[in-house]
Amino acid sequence: MENELERYAIAIIVVFGALAIGGLMAAAISTGDRSSFLYALGAATSAWLAGYAMVFQLPRAVAILIVLAMVMAIASTAALVF
């Protein structure tokens, strides 16, 4: 039972994370800010690779890729605002 709940929790996290990063990419495209779009694309790629690291049970790689995705998403937001 607990394993099923973890799967659903991870699915929700992934879906909402993808929506947030996709929203960043859409906002960057609509404003024409290339650097913000590329940062958001890098965040999406890093999060995508973290999924594979999770499947192959590489916890250190997952942590590094998630932190990288967060930093790139923050950089994308900062580039969009400033």
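Heavy-atom basis, side chains included; hydrogens, waters and symmetry copies ignored. Note that the structure is predicted; figures quoted are calculated from it, not measured.
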* **Interatomic spacing from CG in L24 to CG in D33 - rounded to 0.5 Å** =>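 If we round to the nearest 0.5 Å, L24:CG and D33:CG are 11.0 Å apart.
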Do you know the tightest heavy-atom contact between [X] and [Y]?
{"X": "I66", "Y": "A50", "answer": "CD1-CB, 3.8 Å"}
{"X": "S35", "Y": "A79", "answer": "OG-CB, 4.0 Å"}
{"X": "L41", "Y": "M25", "answer": "CD1-CE, 3.6 Å"}
{"X": "I21", "Y": "A40", "answer": "CG2-O, 3.4 Å"}
{"X": "A27", "Y": "L80", "answer": "CB-CD2, 3.7 Å"}

Under 4.5 Å between side-chain heavy atoms, counting indirect links through other Ile/Leu/Val/Met/Phe/Trp/Tyr residues: same cluster for [X] and [Y] or not?
{"X": "V67", "Y": "L65", "answer": "no"}
{"X": "L38", "Y": "L68", "answer": "no"}
{"X": "V14", "Y": "M70", "answer": "yes"}

* When the ring planes of Y52 and F56 are compared, do they come out parallel, tilted or perpendicular, using 30° and 60° as the limits? -> parallel
